[in-house]
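The block underneath contains the structure these notes are about, expressed in structure tokens.
Note that the coordinates shown come from a computational prediction; the quantities given were computed from them, not determined experimentally.
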Amino acid sequence: RLRAALALAMLAGSSAALACGEGLAQPTRQIEDAQAVLVYRTAPDPVKVGRHFSIDFAVCPRGQAAPPDEVHVDAHMPEHKHGMNYRPGVTALGQGRYRAEGLMFHMPGRWDLVFELRGSGAPVLLTQSLQLD
């Protein structure tokens with residue numbers, strides 16, 4: 001019985017992750033941690049160096065986690081120890097969906113895209129590395 005219950009719990013968690021971001025245009029990328037699943041798409045895709053881009057994304061809390069009160073998007077280059085020259089704005093679109101606009105990667109290399117989810121507890125940082133040539 002315990003195995004069956006665990007299998008059902010895992011199936012429910014994975015189906016919720018699959019449904020997250022369902023309305024976003026394809027292709028999408030996904031970042032997960034214990035508290036949330038985040039699915040996003042850049043426009044344009046792929047991102048080009050020196051060109052502004054936007055990100056449409058959905059945040060889906062896991063388990064008992066509450067939806068975030070605030071969401072911020074930023075990016076930095078770990079090897080160069082600096083971030084973007086622009087501060088993007090994030091607009092809530094409802095039902096856990098958001099749009100970040102005004103992003104630009106001003107040079108080629110590895111960028112860490114960071115989504116910060118803020119709520120009643122400690123902020124949750126979801127990060128994904130992107131390589132731009």
Side-chain angles (χ1 to χ4, degrees):
R1 288 184 184 178
L2 180 58
R3 274 191 221 163
L6 287 173
L8 284 174
M10 288 176 59
L11 181 61
S14 66
S15 66
L18 291 174
C20 187
E22 190 173 279
L24 295 177
Q26 296 296 319
T28 59
R29 294 180 180 95
Q30 184 168 306
I31 310 170
E32 299 183 45
D33 81 347
Q35 295 183 26
V37 175
L38 187 141
V39 178
Y40 74 95
R41 181 185 198 292
T42 63
D45 183 29
V47 172
K48 306 258 189 224
V49 173
R51 304 268 174 121
H52 279 98
F53 67 97
S54 63
I55 302 174
D56 288 327
F57 62 100
V59 176
C60 304
R62 284 188 152 166
Q64 300 299 320
D69 296 326
E70 294 178 52
V71 178
H72 299 272
V73 178
D74 204 353
H76 64 277
M77 295 188 85
E79 287 85 12
H80 295 265
K81 299 185 184 351
H82 66 73
M84 295 185 298
N85 292 334
Y86 297 88
R87 181 178 298 271
V90 176
T91 304
L93 304 175
Q95 299 181 335
R97 296 185 60 186
Y98 302 85
R99 175 171 291 135
E101 297 180 291
L103 296 104
M104 182 193 293
F105 296 151
H106 59 274
M107 61 187 293
R110 182 180 137 215
W111 286 88
D112 283 349
L113 183 60
V114 181
F115 297 86
E116 182 178 358
L117 313 179
R118 293 183 185 176
S120 59
V124 174
L125 298 177
L126 299 171
T127 304
Q128 190 159 68
S129 293
L130 303 172
Q131 181 67 38
L132 271 73
D133 298 319

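L24 and F57 make their closest contact through CD1-CA, 4.0 Å (heavy atoms, listed as atom of the first residue, atom of the second, distance). Across all non-hydrogen atoms, the minimal contact from P61 to V59 is CD-O, 3.7 Å.
Defined by atom type and a distance below 3.5 Å, a donor-acceptor pair is present between the side-chain atoms of R110 and S129. At a cut-off of 3.5 Å, with distance as the only test, a side-chain donor of Q128 or Y40 sits close to an acceptor on the other residue. Using a 3.5 Å distance cut-off with no hydrogens or angles, the side chains of T127 and D112 do not pair a donor with an acceptor.
Checked against the 6.0 Å centroid criterion, the rings of F105 and F53 qualify as a close aromatic pair. Taking the six-membered ring where the residue is Trp, the centroids of Y86 and H106 are separated by 6.0 Å or more. Checked against a 6.0 Å centroid threshold, the rings of H80 and W111 do not count as neighbours.
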Please step through side chain to side chain contact (heavy atoms under 4.5 Å, CB included) for the pair H82 and M107, ending with a clear verdict. CA-CA 11 Å; H82 66 73; M107 61 187 293; 3.4 Å; yes
Worked check of side chain to side chain contact (heavy atoms under 4.5 Å, CB included) between V37 and Q30: CA-CA 7 Å; V37 175; Q30 184 168 306; 3.8 Å; yes
Check step by step if side chain to side chain contact (heavy atoms under 4.5 Å, CB included) holds for Y98 and V73. CA-CA 10 Å; Y98 302 85; V73 178; over 6 Å; no
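Between the side chain of R99 and the backbone N or O of T91 there is no donor-acceptor pair closer than 3.5 Å. Between the R62 side chain and the D33 main chain, a donor and an acceptor come within less than 3.5 Å of each other. Of the possible donor and acceptor atoms, one in the side chain of R41 sits under 3.5 Å from a partner among the backbone N and O of Q26.
The local environment of CD in Q95 is sparse, with at most 12 non-hydrogen atoms from other residues, nucleotides or ligands closer than 6.0 Å.
Here the side chains of P68 and R118 are not in contact, with every heavy-atom distance at 4.5 Å or above.
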